[in-house]
Amino acid sequence: MTDTSNARPAEGEAQAPRQSRLLRLMRYLPLIAPVLLWAVPCWVLLFTGQHWPLPVTVAGTALFVLGLAAMPLAMMRGHGRRQQDRAAIIGDTLLGGSWVLFTWSVLLGILLRLALTVAGVGQSEDRARIVTWAVLGVSAALLAWGYIEARRVPRVRRLDVPLPRLGAGLDGLRVVLITDTHYGPLDRARWSARVCETVNTLEADLVCHTGDIADGTAERRRAQATPLGTVRATEARVYVTGNHEYYSEAQGWVDLMDELGWEPLRNRHLLLERGGDTLVVAGVDDVTAESSGLVGHRAHLAGALDGADPELPVLLLAHQPKFVDRAAAAGIDLQLSGHTHGGQIWPFHHLVRLDQPALAGLSRHGVRTLLYTSRGTGFWGPPFRVFAPSEITLLVLRSAQQR
């Protein structure tokens with residue numbers, strides 16, 4: 001568990017301008033990234049001393065140029081106004097494949113070539129060709145493994161979470177967290193049903209979904225989301241919106257989850273009582289809600305806690321980990337979040353950390369507040385998970401007052 005309560009202000013002030021510059025640079029990534037993702041592997045694999053026969057060089061270059069042209073076009077048709085699922089699948093797959101190829105072209109293009117040179121293996125052309133085959137082999141293996149990881153039912157991650165203010169009557173409360181299911185262009189109705197079956201084996205008291213249900217409207221992805229109605233909990237099933245709902249008519253998702261028997265906690269709370277003790281379970285809209293233009297949608301923590309006894313422990317659902325700054329200021333005991341996907345495809349987690357205070361797992365913020373960040377139950381976009389496995393999380397709340 002990471003303790004962030006002792007961070008020095010001077011260090012934070014020094015990091016702020018640096019992060020600001022990085023964030024400004026990221027604005028240009030949509031223009032620069034596609035070129036780099038395809039041009040760098042093309043150069044490393046074909047033009048760094050391999051001396052391939054001309055037909056191989058021409059054919060390889062043509063494939064990279066085709067990928068560079070097809071990827072943004074397919075993504076625009078798939079995720080733009082047309083919302084063509086087949087185009088989205090092609091564009092997303094090309095994005096994931098090019099990212100992995102780019103990563104390992106850079107790493108092996110430098111490290112492996114250096115190691116071969118130091119070891120005196122072969123001539124320059126031999127070393128260049130070894131690097132090419134190594135990059136292609138590693139990338140193919142990781143993409144195959146990453147696809148299996150993305151499409152499988154997540155493993156259950158179990159964790160005991162001590163909450164000092166939790167009453168003894170609530171000790172052992174079982175909270176199951178699913179998040180970022182991202183139902184989308186690839187039909188995952190059967191996967192959704194199997195996830196819900198797994199959740200039901202955990203005998204949860206409280207089941208939480210912290211947003212990013214799908215990419216697409218509730219009407220369009222209803223078949224994939226419908227199994228959520230089969231989830232069982234002894235006390236409640238609660239849900240908050242994620243940023244992706246606000247790309248796809250968020251109110252429709254709020255209404256559908258309500259129809260499926262889940263409690264949408266839109267800046268409000270409910271009380272969970274057991275053994276004479278009470279837990280406040282609160283939820284807020286995603287932090288992007290207000291900019292969506294939807295009337296009444298915004299992240300409003302004061303509204304979520306309105307009327308709650310301040311002496312009671314609070315479990316807060318907020319889609320993005322960065323909401324924890326507000327949660328810590330309000331003395332929240334535990335915040336549950338998703339959004340990061342654990343980076344999804346290594347080493348993308350370095351970019352995620354520029355925007356979020358936590359990537360995955362349990363961390364401490366301020367004096368009292370714990371944050372649990374899930375790596376997510378599904379995947380967004382590219383159907384791959386590399387070194388960032390999905391999860392269904394079982395959190396067992398523990399009381400300091402336990403007899």
Enquirer: Are any of the side-chain nitrogens in Arg398 or Asp160 under 4.0 Å away from the carboxylate oxygens of its partner?
Expert: yes
Enquirer: Take Tyr183 and Trp253, measure what ring-ring contact (aromatic ring centres under 6.0 Å, His included) needs, and give me the verdict at the end.
Expert: CA-CA 12 Å; Tyr183 304 126; Trp253 281 109; 7.4 Å; no
Enquirer: More than 12 non-hydrogen atoms from neighbouring residues, nucleotides or ligands closer than 6.0 Å to CD on Glu203, yes or no?
Expert: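 No, CD of Glu203 has 12 or fewer neighbouring heavy atoms, counting only those of other groups under 6.0 Å.
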Enquirer: Can a side-chain donor-acceptor contact be found between Glu125 and Gln50 if the only test is distance below 3.5 angstrom?
Expert: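 Absent: no donor and acceptor within the cut-off.
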Enquirer: For the pair Ser337 and Gln335, evaluate side chain to side chain donor-acceptor pair (under 3.5 Å) and give the outcome as yes or no after the intermediate values.
Expert: CA-CA 7 Å; Ser337 298; Gln335 175 180 317; 2.8 Å; yes
Enquirer: I'd like to know whether CZ of Phe102 has more than 12 heavy-atom contacts from other residues, nucleotides or ligands below 6.0 angstrom.
Expert: yes
Enquirer: Side chains of Asp285 and His300: donor-acceptor distance under 3.5 Å anywhere?
Expert: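 Result is no, nothing qualifies.
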Enquirer: Kindly indicate, with the supporting measurements, whether the criterion side-chain contact (heavy atoms from CB on, under 4.5 Å) is fulfilled by Asp205 and Val175.
Expert: CA-CA 6 Å; Asp205 298 302; Val175 179; over 6 Å; no
Enquirer: Tell me, with the steps shown, if Thr181 and His209 meet side chain to side chain donor-acceptor pair (under 3.5 Å).
Expert: CA-CA 9 Å; Thr181 42; His209 194 308; 3.1 Å; yes
Enquirer: Is Glu149 salt-bridged to Arg155, going by a charged N under 4.0 Å from an acidic O?
Expert: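 Result for this pair is yes, salt bridge flagged.
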Enquirer: Any carboxylate oxygen within less than 4.0 angstrom of a Lys/Arg side-chain nitrogen, looking at Asp85 and Arg221?
Expert: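 Result for this pair is yes, salt bridge flagged.
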Enquirer: Are Trp346 and Phe384 an aromatic pair, judged by ring center distance below 6.0 Å?
Expert: no
Enquirer: Any ion pair linking Arg220 and Glu249 (charged N to carboxylate O, less than 4.0 Å)?
Expert: no
Enquirer: More than 12 heavy atoms of other residues, nucleotides or ligands under 6.0 Å from CZ of Arg152: yes or no?
Expert: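 Yes, enclosed.
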Enquirer: For the ring pair Tyr246 and His297, is the centre-to-centre distance below 6.0 Å?
Expert: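 Judged by ring-centre distance (under 6.0 Å), Tyr246 and His297 do meet the cut-off.
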Enquirer: Can a donor-acceptor pair be found between the side chains of Thr393 and Glu391 at a distance below 3.5 Å?
Expert: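 Yes, because at least one side-chain N or O of Thr393 sits under 3.5 Å from a partner of the opposite role on Glu391.
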Enquirer: If the threshold is 4.0 Å, N to carboxylate O, is there a salt bridge linking Arg174 and Glu235?
Expert: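 Answer for the salt bridge query: no.
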Enquirer: Any Lys/Arg nitrogen of Asp180 or Arg375 sitting under 4.0 Å from an Asp/Glu carboxylate oxygen of the other?
Expert: no
Enquirer: Using only heavy-atom distances, determine whether the side chains of Gln344 and His349 contain a donor-acceptor pair under 3.5 Å.
Expert: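 Looking only at side-chain atoms, His349 and Gln344 do not form any donor-acceptor pair under 3.5 Å.
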